[in-house]
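Written out below as structure tokens is the structure these notes cover.
Note that these values count all heavy atoms, side chains included, but never hydrogens, waters or copies made by symmetry.
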Amino acid sequence: CRFLARWDVVFIADPMGRYYMRAGSASKNQIRMWSDRVRALDSLLGLGNDVGFSIKQSAKLVALRDSAARRYARLLHEAGQSQQAQEVLRANFTLHRNAKTLAQMTVLATRDRWRRWTGKSAPSSARSDGA
């Protein structure tokens, strides 16, 4: 964390290594992976001034955390865990008031109501990307 707080990170387009996924690895379970990402970002944000993040870096971590929470909630919803998805979004919105999170909460709630009312999936135009 201190390294990242002190120096900028750069993107290198050329592969520098290989990553193999085994059966049962965390990378194969998207819900677990995004849940872990949210928790990791919470840990980084919890370090606060101990690490020396700038205001800009802290804001970026918050944005990454919010985006990860929305992605995690979307995956939960797609897996049929709508109640847990709404809880993730509600908790995220409580921490960081964010229009994207509020919009996703509304879309997911509308989809669930539509499904209960009609017995069918919501029209595809109501799809949320969780970004």
- Task: Would you check if the side chain of T106 reaches a backbone N or O of L102 as a donor-acceptor pair within less than 3.5 Å?
- Result: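 Such a contact is found between T106 side chain and L102 backbone.
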
With sequence neighbours left out, what residues match A40 under side-chain contact (heavy atoms from CB on, under 4.5 Å)?
->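 Applying side-chain contact (heavy atoms from CB on, under 4.5 Å) to A40 gives none.
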
Do you know which two heavy atoms are closest between [X] and [Y], and how far apart they sit?
X   : Y   : answer
L75 : W34 : CD1-CD1, 3.3 Å
A85 : A73 : CB-O, 3.2 Å
A68 : L41 : CB-CD1, 4.3 Å

Non-hydrogen side-chain atoms of R70 and N98 separated by less than 4.5 Å =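 Of all side-chain heavy-atom pairs linking N98 with R70, at least one is under 4.5 Å.
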
Answer yes or no: is there a side-chain heavy-atom contact under 4.5 Å between Y72 and R32?
no

Test of understanding: clusters of I, L, V, M, F, W, Y form through side-chain heavy atoms closer than 4.5 Å, transitively. Do [X] and [Y] belong to the same one?
X   : Y   : result
M33 : L76 : yes
L89 : F93 : yes
L95 : V88 : no

So salt bridge (charged side-chain N to carboxylate O under 4.0 Å, His left out) across residues 79-95, not counting sequence neighbours, yields none

Quick one, D36 with R39, criterion salt bridge (charged side-chain N to carboxylate O under 4.0 Å, His left out). Give me CA distance, side-chain angles, the key distance, then yes/no.
CA-CA 5 Å; D36 289 347; R39 283 199 328 262; 2.9 Å; yes

Query raised in the report: CD/E78 to CD1/I31 distance, rounded to the nearest 0.5 angstrom?
Result: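 Between atom CD of E78 and atom CD1 of I31 there are 9.0 Å.
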
Nearest 0.5 angstrom please: H77 NE2 to Q86 CD, how far?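 That separation rounds to 7.0 Å.
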
field: R65 and L45: CA distance, side-chain angles, deciding distance, side-chain contact (heavy atoms from CB on, under 4.5 Å) verdict
entry: CA-CA 9 Å; R65 194 260 184 231; L45 287 166; 4.1 Å; yes

**Message:** Under a 3.5 Å threshold, yes or no: a donor from one side chain and an acceptor from the other, between T101 and Q104?
**Reply:** no

- request: Apply side-chain contact (heavy atoms from CB on, under 4.5 Å) to R71 and Q30, showing your working.
  value: CA-CA 10 Å; R71 178 73 180 266; Q30 291 289 304; 4.3 Å; yes

Set of side chain to side chain donor-acceptor pair (under 3.5 Å) partners for R37, sequence neighbours left out: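 Side chain to side chain donor-acceptor pair (under 3.5 Å) check on R37 returns nothing, list empty.
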
